[in-house]
Structures are given as C-alpha cells and as structure tokens.
Amino acid sequence: MTDMTALAQPFTSSMSIPANHGSLQTERGGKTSERGGKVLAYVTDPATETALRQTASQLLVGDFEVRRGDVRTAVRDLARQRSPDLLIVDLSGIELPIGAMESLSQVCEPSVTVVAIGDRNDVALYRNLRGLGVAEYLFKPLPSDQIEALLGRAAGTAARGEDTGRQGKLVAVTGARGGVGTTTVAVNLASYLADVGRRRIALVDLDLHTGTVALHLNLKPGRGLREAIEAPERVDQLFLERAMQPASDRLDVLATEEPIIPPVAPNPRAVLDLLDSLRSQYHYVLVDVPHDLSETARAVLDQAALRIVVADGNLAGARDALRLRGAFESSGSSRQTLVVHNRRGAPGALTPAEFNRALGGPADYAIDCRPKPLIEAATLGEPAIKRCAPFKSEISKLAEAVSGQSAGGGTSLLGRLFRGGKSAK
Ligand SMILES: Nc1ncnc2c1ncn2[C@@H]1O[C@H](COP(=O)(O)OP(=O)(O)OP(=O)(O)O)[C@@H](O)[C@H]1O
Ligand SMILES: [Mg+2]
C-alpha cells in the first residue's frame, strides 16, 4: 500500500476534487432554492453521516438520503430499486474493495455518478477505483470543504440536467430477410442479459406497424413509443418511466402497434434522441430493427455499437446477410457486425457448410432449428430461454459477445460499466 502523504504532491484527503471551489462559494453566497437530482449515501459511521446531512441541508440539496451501511448494503438495496443520480458508498473495512465495486456495477444504472469513501489513504486503491470509472475517492475523516464540493457539484449538475457522460450500449438486431427469427433473437437476448446477466435492459421494437416484440413477451403494445417519436421534446426520465412496459425486473419494453394505414415514418433524429435518452438509464438498449432499410433503420444501424444480423438457412438470406455485413464494413465503421445463422438444420435448408460458403465465411453464431419449444414459447408469450436449455445456451454465447464477457459476472464488465462505455454507443 502506498501512503499518499509520502508522495511529493501534497494531497489532502480528497484525491480528485479540484482545490479551487470558488464557484461553489458563489453558489452558496447567492439565494439558492432546493436543487434536484437524487443523492443517496451509504456510510458506516455517525460522524460522516452527520457531516453529510449538515452539508446537504446547508446546500439545499433537495433529494438527499443517507443510509447506514457500506457498499454491500448499497448492492443489496440497488438490486431492488432505481439508482440515484449520485451514489456515495463507503468502502471502510471492506477487504476486497474492487470486488465490492464490481458487485455494485452489476446493479447500478449507467448514468449514476459513483463516489467512494473509505478509511484507506491508498493511492493504488484510488487509481484502481478511478480506472473503474468511480468519480471520486475520499478518505475519512472527510473535511467539510470536500463534502461541500462534492454535494454542491452534484446538486448543481443535477439541477442543470448535465449528462454524466456514461451511457449504455446500443445493440441493433436486424434480419437479413423477413421472418428469419430476428424478434426471437432480440427478445431472448434481452431476456438473458436482464435475468441472467442482471443488467437493466431496454428493448425497443422499431417495427411500428407489425412488430411482435410485445407479443413475444405477452405485453400489450403501448402509446409511449409513438408519442416519443412524435414529440421528442417531451422525452425525459419521467416520460420514459411511464412509457416503458416492464417485462421482468430488469427488462423494459417500448413497442407500439400502429394501424397499418397510414404508414408512420418516424424522424430518424427523434428515434436516435430517444435511444440516447434510454442509454443513460439502461446498461443495454436493444433495438429490433425492421429490415426495410428505411432512413430510420439505417440511422439506428449506423449508430449501434454492435449489429446483429439474423439469417436463416436459406440461400437468399445468407446472401443478403453477406451484403448487409459488406455494406456496414464498407461504410468505414469500426463497429462490430455479427451474423447469426438461425434455424440451423431446418428441413430443406442449407447445411451449415453451404450456409457458410454462401456467407463467404463462417457465421459468428448459430442457433438450431427448434420449432416445438419456440412455438410453445411464442404462444405463451414468454422467452424461449425459459423453457429450452439448449436454446438458452446458444443465446448465452451471443450474450457474451454483447457484453464482452460471461454475462453472469466477471471483472472486465466493471470497467465498462463505471467507465460507462463513454465511447460505446
Ligand atoms: N431457431 C428457431 N427454430 C424454430 N423456429 C424458430 C426459430 N427462430 C424463430 N423461430 C420461429 O420463426 C417464427 C418467426 O420468428 P420471428 O417473429 O422472430 O421472426 P422475424 O424475423 O422477427 O419476423 P418479421 O420479419 O416478421 O419481424 C416464429 O414462429 C418463431 O417461433
Ligand atoms: Mg420481427
């Protein structure tokens, strides 16, 4: 362990809050009203609790709550409730703080600013935490000016509606052709990431007229998606909370069923803005993109950090998957495209070798043809991964590719989550 006081740089107990708090003083000097943005703190000792409470009340931080406990208490609570805007967690006495932060990352929404406090004056720990995307690490006893800076900035940021810059990952699932199983893949991947991977997932059905995401999950299509696209200025956190339909604890769906006539042609900008808003609240935003190559579909495919092209074992489908992948690659984008060979082994379909030949190389993932469990699941309106273990195992491999790791846990995801995939769409 490195003692920071031994370093040439004169550290105070804060390791990252700038020394100049002039703007904070000005804010406090003026007339302040209550400022929004939920702040939730978990602290292990009464002195820190009192100090935080006093400063929050002086700074008129509107939505402020302190709970007694450490990072493990935070993990337990946040697995069951929405995350705040600013989360302060206490690492005091925690033997493996990085592991504890990993558990926290599993339940914390991407837009949350996480600040750690602790009892260790340890620059290595500080660096590791910062490397994981933790905004600050402060060690006890917390001087009052550091608390003021922390809460003042948090309140100010939330009041101005500033973005923390952390965003979930946008994943587009599209079909090389119609009817190849795109929605089946999207729904089951979303369900797997939510229920096994324990991520917060938004699943958006961009087929506004004939989309079947809601049907696959036994939900009634709502009005929210249409409203969001028609009046993007109304889309805020509250709007999304009302519009999203919960399919499970961590899986929310946005889908509509517009009349066939007249056709709705959503504005691509409005759709991209909506997906951006969702990315601040969900770890992954999965979009079922119709294969109509409309302007909106292309815009979403262009923005996605990862595109999944589903094809079945039909020659035209394999060729179209090849063309789609080629088109994405020639657009110069470094974003990844994966091809899924669905319904592998279906009677009359291409053999895997023939499919791969038509595709110009092996498919990235394959899903066998399993009509019985998939039709049963579709009839019941529940993801097929819940009733078919081999299918679940195939979807789990795709989920690993989406999350870059085994979706059940692992350290690599932590960096991405707290770092928030700043660069990832
Ligand atoms: N691996 C599979 N094995 C057997 N049946 C499958 C498989 N994947 C999908 N299906 C079935 O194929 C049908 C079409 O699937 P799905 O609705 O997912 O296709 P889609 O590509 O989204 O269609 P659309 O283009 O109409 O949106 C469904 O009945 C589904 O249960
Ligand atoms: Mg579909």
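Whatever order the structure lists them in is the order used to number ligands and atoms, beginning at 1.
Remark: minimum distance from atom 6 (C) of ligand 1 to any protein heavy atom is reached at Leu374 CD1, 3.4 Å. Scanning the protein heavy atoms around atom 18 (O) of ligand 1, the nearest turns out to be Thr184 OG1, 2.5 Å. The protein non-hydrogen atom at the shortest distance from atom 19 (O) of ligand 1 is Gly181 N, 3.1 Å. For atom 26 (O) of ligand 1, the closest heavy atom belonging to the protein is Gly179 N, 4.0 Å. Here the heavy atom of the protein found nearest to atom 27 (O) of ligand 1 is Thr183 OG1, 4.0 Å. Shortest contact from atom 29 (O) of ligand 1 to any protein heavy atom: Ile375 CG1, 4.7 Å. Regarding atom 8 (N) of ligand 1, its nearest protein heavy-atom neighbour is Asn342 ND2, 3.0 Å. With hydrogens left out, the protein atom closest to atom 3 (N) of ligand 1 is Arg370 N, 2.9 Å, a heavy atom.
Side-chain atoms of Tyr42 and Asp77 include a donor-acceptor pair closer than 3.5 Å. A donor atom on one side chain and an acceptor atom on the other are not found under 3.5 Å apart for Gln303 and Arg335. Side-chain contact, Thr44 with Asp70: no donor N or O sits under 3.5 Å from an acceptor N or O. Under 3.5 Å, the side chains of Asn188 and Ser191 contain no donor-acceptor pair of N or O atoms.
Annotation: side chain of Ile98 is in contact with side chain of Leu132 (closest heavy-atom distance under 4.5 Å). In this structure, Leu150 and Ile88 have side chains that are in contact, with non-hydrogen atoms separated by less than 4.5 Å. Looking only at side-chain heavy atoms (C-beta outward), Ile117 and Val89 stay at 4.5 Å or farther from each other.
Atom CZ in Arg199 sits 14.0 Å away from atom CG in Leu251 (nearest 0.5 Å). Note that CG of Asp273 is 8.5 Å distant from CG of Asn267, once rounded to the nearest 0.5 Å. Note that the CD1 atom of Ile260 and the OG1 atom of Thr210 stand 6.0 Å from one another [nearest 0.5 Å].
Atoms of ligand 1 lying under 4.0 Å from any heavy atom of Ile367, numbered from 1 in the order shown and given with element: 1 (N). Close contacts between ligand 1 and Thr182 involve ligand atoms 18 (O), 19 (O), 20 (P), 21 (O), 22 (O) [criterion: under 4.0 Å to a heavy atom]. The contact set between ligand 1 and Pro371, taken as ligand atoms under 4.0 Å from a residue heavy atom, comprises 4 (C). Under a 4.0 Å criterion applied to the non-hydrogen atoms of Gly178, ligand 1 contributes the atoms 25 (O).
Contact analysis puts His216 in contact with ligand 1, with a non-hydrogen atom separation below 4.0 angstrom. In this structure, Val310 falls outside the shell of residues with a heavy atom less than 4.0 angstrom from ligand 1. Look at Cys369 and you'll find a heavy atom under 4.0 Å from some atom of ligand 1.
The Mg ion (ligand 2) has an N, O or S atom of Thr183 closer than 2.8 Å.
Figure legend: cation-pi geometry between Arg234 and Phe239 absent, as NZ or CZ is not positioned both under 6.0 Å from the six-membered ring centre and within 45° of its axis.
Around atom 5 (N) of ligand 1, the closest heavy atom drawn from Arg177, His341, Arg343 belongs to Arg343.
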